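This report concerns only the one structure given below.
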Amino acid sequence: MKNELSAKDKIINKLRDEKENLKTQLQKFKGFWHSLMSHFHKKITYENDKNYKIVSDDLYKNGIFDDNDNEIANNIARKVTIPDENKNNKKRNNDTRF
């Protein structure tokens with residue numbers, strides 16, 4: 001019984017480590033994606049760079065940018081945020097205690 005518990009604890013610890021590793025990688029990817037979208041947004045909306053517009057449209061047509069990404073890249077009024085941040089902002093905005 002103790003051997004089984006020890007083996008299960010090892011498996012659980014290994015899975016926790018893998019989960020933390022995946023979280024770290026996900027945060028790095030989110031940062032990269034945020035940076036990429038900010039770059040496209042700046043080039044297309046503020047600098048009116050036609051080449052970036054062409055690339056953005058091509059990425060959208062090929063399914064790399066979704067509707068949200070395409071709107072962020074092309075709409076000057078949209079902020080570049082990560083979807084999790086949007087959820088947190090909505091929660092804060094609906095808080096009626098203040």
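Owing to the predicted nature of the structure, the values given are computational and were not obtained by experimental measurement. If you read the sequence from its start, that first residue is 1, and numbering goes on from there.
- Closest heavy-atom contact between N51 and D49: N-OD1, 2.9 Å.
- Residues N68 and R78 have side chains in contact (heavy-atom distance under 4.5 Å, counting atoms from C-beta outward).
- Judged purely by atom type and a 3.5 angstrom limit, N62 has no side-chain atom pairing as donor or acceptor with the backbone of I64.
- Interatomic distance, NZ of K10 versus CG of L5, reported as 12.5 Å (0.5 Å rounding).
- Distance CD/E71 to CG/D66: 10.5 Å, rounded to 0.5 Å.
- Put simply, Y46 and M37 are part of two different groups of oily side chains (I, L, V, M, F, W, Y) that touch within less than 4.5 Å, one to the next.
- Residues meeting the side-chain hydrogen bond (donor to acceptor under 3.5 Å, both in side chains) test with K79, sequence neighbours left out: none.
- For the 3.5 Å distance criterion, the side chains of N74 and N70 qualify, holding a donor opposite an acceptor.
- A side-chain contact (heavy atoms from CB on, under 4.5 Å) with K30 holds for exactly one of K28, Q27, H34; it is Q27.
- Using a 3.5 Å distance cut-off with no hydrogens or angles, the side chains of D67 and Y60 do pair a donor with an acceptor.
- I76 and L36 are not part of a single hydrophobic cluster, where members link through side-chain heavy atoms under 4.5 Å apart.
- Under a 3.5 Å cut-off, the side chain of T24 and the backbone N or O of E20 do form a donor-acceptor pair.
- Under the 4.0 Å criterion applied to side-chain N and carboxylate O atoms, D57 and K53 are assigned as salt-bridge partners.
- Applying the ring-ring contact (aromatic ring centres under 6.0 Å, His included) criterion to Y52, with sequence neighbours excluded, gives H39, F40.
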Self-check item: Residues D17, N13; criterion side chain to side chain donor-acceptor pair (under 3.5 Å); working and verdict
Solution: CA-CA 6 Å; D17 290 342; N13 288 334; over 6 Å; no
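- Classified by interplanar angle (parallel below 30°, tilted 30° to 60°, perpendicular above 60°), the ring pair F29/W33 is parallel.
- The backbone N or O of V80 lies less than 3.5 Å from no partner atom in the side chain of H41, so there is not a single donor-acceptor pair.
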